[in-house]
Amino acid sequence: MTKAVTKKITDASIRAAFKKEVRYLYDSRRVEFHINAARTGGTFYDVVYKGKKRQRTKLAKWPAITAASLFQELPAIRANALADRKARLAVSTYHTAGEVLMWFMQHIDADKTYSVSYVSTASSYIGNHLLAKLSEATLSELNKTRLYRTLYMPMQADYALSTIKGVISVLKTAFARAYELGLIARNPIADITFSSFTTTQPEAKPGKLKPHDLKALIKAINGQPTQKRVFFMTQLLHATRIGETSLAEWKQFSNAPLEWSIPEENTKNNTEHRLPITQHAYDLIHTLPKRGDYIFSSNGDKPYAIRTLERWYQSLSDEVGIKFTSHDIRKLARDCWQDMGIDWVIGEMLLNHERDGLDKRYMHAHSREQMKRALGEWGDVFCVCSVI
DNA sequence: ATACTTGCTCTACAGTAAGC
DNA sequence: GCTTACTGTAGAGCAAGTAT
């Protein structure tokens, strides 16, 4: 095959080239056109000469982009392609942990598939711990010994193991992602895990409220103004999460059948949660005035901020004289159910926990009946303890 | 069991409506 | 107009939760 040279590439000259045995076309505006091997189309390149070396950057594919539109948009297309290329060249020059971590921080911020809470936590760990300790470390210096000395040992003196575990996990994620995308040639963190440094695992703390605290708790709740009282009781009766409870809407409650249906977008595990509630719980909710969609709201059009509800709990906790939070209510309900002899799996289902394969066999109409009975028995406890 | 992600809590601070 | 109480936001830390 021979090569043809033209001063200007046009759609007509490209079509003509396909008929001849031509593979390349050249344009004086520093653009080359390469016809592909299958001769079904071709690619426009930007061309730069660096000494004797010719550097090409892909601009666009023909016929998806015609020559006419390419040359019309040439400055913009060229700028984009070169910026891309520069970015690629720049990232391949990551030499220190700091550079990789900075990239990851910018990456998770720009990539909307990461949740807001992950970006917040990960940025905090990078900004406060990882950059401070590893910023200058070159990729080849990142080994177990280095991390042990500069990251693990200093941190274990001041922070909970769960925090260190989280920090290491962000570090691993950043490097794994950078490696996967070809931004670094080797992943020096790949073989390092949290358990490289300690065999101790972070412990889950037991709930602060014990079943024998229930009476005092109910007494304090009953002393609250109506809206707070209903909020606390709704959460206690159903052991729902604070976020799920705060977003409760009137339309989520039905009378026949008696049910509270929490939509998937409000739950932690993104699965709809249908709770078979009691008549009593239904009536309790409906003692509140209806002002807009949300049940717990100051003005009717938006729900209370979680932070506000946490403060409600803080003052309730002060009144009871035990330091607890909304999540301890959930744990308390769980403990009480256990004491009442409610099946463990039914408890898990009421909490909307993911169950493994074996437990999934429980998923049938019968279990729903048991959930309903459990919540009924749990509700009866309150009728005995108090008048609501 | 380990790895990874998400939610909750705490602190600090800011805006705003209510009460004086 | 000033103070105060209530509500909301943001950043950091911790632990619960799900995925592997």
Side-chain angles (χ1 to χ4, degrees), chain A residues 104-105 108-109 111 113-132 155-177 180 187 189-208 225 227-228 231 235 239-247 262 264-271 273 294 296-318 323-331 333-334 347-348 351-357 359-360:
Chain A
F104 187 67
M105 205 149 59
I108 58 177
D109 193 45
D111 184 342
T113 62
Y114 290 93
S115 76
V116 172
S117 63
Y118 180 73
V119 174
S120 154
T121 305
S123 307
S124 153
Y125 288 166
I126 291 173
N128 293 307
H129 301 291
L130 292 170
L131 282 179
M155 279 200 81
Q156 59 79 35
D158 297 330
Y159 295 93
L161 278 183
S162 65
T163 304
I164 304 176
K165 200 175 174 180
V167 168
I168 291 173
S169 127
V170 166
L171 178 71
K172 282 173 71 75
T173 308
F175 275 79
R177 182 63 39 205
E180 180 69 28
N187 180 2
I189 311 289
D191 293 334
I192 305 175
T193 65
F194 176 67
S195 46
S196 303
F197 306 111
T198 176
T199 50
T200 311
Q201 287 293 322
E203 290 278 332
K205 288 178 186 162
K208 306 260 176 48
Q227 197 181 31
K228 290 185 180 177
F231 180 82
Q235 208 174 350
T240 42
R241 296 183 179 91
I242 193 170
E244 297 165 345
T245 318
S246 74
L247 295 174
I262 304 175
E264 56 184 40
E265 61 269 22
N266 292 2
T267 64
K268 188 171 179 174
N269 57 358
N270 278 315
T271 47
H273 190 38
Y294 294 97
F296 304 107
S297 170
S298 54
N299 52 11
D301 52 49
K302 63 179 174 196
Y304 284 115
I306 300 283
R307 185 65 194 94
T308 301
L309 301 171
E310 284 165 5
R311 253 181 286 236
W312 288 9
Y313 269 107
Q314 270 172 338
S315 42
L316 180 71
S317 163
D318 288 344
K323 196 122 176 78
F324 68 88
T325 63
S326 79
H327 209 70
D328 291 311
I329 295 277
R330 199 164 147 88
K331 286 178 173 169
R334 192 77 180 90
E348 289 296 283
L351 294 176
N352 198 18
H353 282 173
E354 197 65 36
R355 292 171 303 287
D356 61 26
D359 295 338
K360 274 185 179 156

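None of the values given here were measured: they were computed from a predicted structure. In what follows, chains carry the letters A, B, and so on, assigned in the order in which the sequence lines appear, proteins first and then strands, with residues in each chain numbered from 1.
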**Study point:** Atom pair distance, as rounded to whole Å: CZ in F194(A) and P in dA15(C)
**Key:** 12 Å
Exercise for review: Taking all heavy atoms of D191(A) and all of S196(A), pick out the closest pair and write down the distance.
Suggested key: O-OG, 4.3 Å
Check your understanding: Which of these nucleotides, dG8(C), dA12(C), dT9(B), is closest to any side-chain atom of T308(A)?
Key -> dG8(C)
Study note, to complete from the structure: Across all chains, not counting sequence neighbours, the ring-ring contact (aromatic ring centres under 6.0 Å, His included) partners of Y313(A) are F232(A)
Review point. So how far is it from I242(A) CD1 to F231(A) CZ, rounded to the nearest 0.5 Å?
Key: 5.0 Å
Exercise for review: Report the residues that fulfil side chain to side chain donor-acceptor pair (under 3.5 Å) with T240(A), sequence neighbours left out, ordered by chain and then residue number.
Suggested key: T245(A)
Practice item. May I have the distance from F324(A) (atom CZ) to dC10(B) (atom P), rounded to whole angstrom? Key: 11 Å
Check your understanding: Where the side chain of T121(A) is defined as all heavy atoms beyond and including C-beta, which of dC14(C), dT9(B), dT7(C) is the nearest nucleotide?
Key -> dC14(C)
Review point. Between atom CZ in R241(A) and atom C1' in dG7(B), what is the gap in whole Å?
Key: 8 Å
Point to revise | Difference in axis direction between the ends of the helix from dA1(B)-dT20(C) to dC20(B)-dG1(C), five pairs, 10° | key: 30°
Check your understanding: If every non-hydrogen atom of S246(A) is compared with every non-hydrogen atom of I306(A), which pair is closest and at what distance?
Key -> OG-CD1, 3.6 Å
Point to revise | Any side-chain heavy-atom pair of L171(A) and V167(A) under 4.5 Å | key: no
Could you list the protein-to-nucleotides 11-16 of chain B atom pairs, N/O on both sides, closer than 3.5 Å?
{"from": "dT11(B)", "atom 1": "O4", "to": "R307(A)", "atom 2": "NE", "distance (Å)": "2.8"}

**Study point:** Separation of atom NZ in K172(A) from atom P in dT20(C), rounded to whole Å
**Key:** 16 Å
**Study point:** Note, H129(A) side chain near Y159(A) side chain (heavy atom, < 4.5 Å)
**Key:** yes
Exercise for review: Report the distance from atom CD1 of I126(A) to atom C1' of dG11(C), rounded to the nearest whole Å.
Suggested key: 15 Å
**Study point:** Phosphate contact (dA16(C) OP1 or OP2) by R334(A) side-chain N/O below 4.0 Å
**Key:** no
Study note, to complete from the structure: Residues M155(A) and T163(A): closest non-hydrogen pair is CE-CG2, 4.3 Å
Review point. What's the CZ-C1' distance between F104(A) and dC4(B), to the nearest Å?
Key: 11 Å
Practice item. Grab the two heavy atoms, one from M105(A) and one from I126(A), that are nearest each other, plus how far apart they are. Key: SD-CG2, 3.7 Å
Practice item. Would you name the heavy atoms of T193(A) and K172(A) that are closest together and state the gap between them? Key: CG2-NZ, 4.1 Å
Point to revise | Residue S124(A), side-chain heavy atoms: nucleotide from dT7(C), dC4(B), dG13(C) that is nearest | key: dG13(C)
Practice item. Give one of base, sugar-phosphate or nothing for S123(A), where a contact means two heavy atoms less than 4.0 Å apart. Key: nothing
Review point. Checking all strands, does Y159(A) fall into the base, sugar-phosphate, or nothing category for heavy-atom contacts under 4.0 angstrom?
Key: sugar-phosphate
Check your understanding: Would you say H327(A) reaches dC14(C)'s phosphate, i.e. side-chain N/O to OP1/OP2 under 4.0 Å?
Key -> no
**Study point:** Over all atoms of both residues, closest heavy-atom pair of R334(A) and G347(A)
**Key:** NH1-CA, 3.8 Å
Practice item. Could I get the full list of side chain to side chain donor-acceptor pair (under 3.5 Å) partners for S317(A), not counting sequence neighbours? Key: none
Check your understanding: When you check the phosphate oxygens OP1 and OP2 of dG13(C), does a side-chain N or O of H129(A) lie under 4.0 Å from one of them?
Key -> yes
**Study point:** Value in whole Å for how far the P atom of dA5(C) lies from CH2 of W312(A)
**Key:** 18 Å
Review point. Could you state the OH-C1' distance from Y118(A) to dG17(C), rounded to the nearest angstrom?
Key: 16 Å
Check your understanding: So which of residues 160-171 of chain A are in contact with DNA chain C, with a heavy-atom cut-off of under 4.0 Å?
Key -> A160(A), S162(A), T163(A)
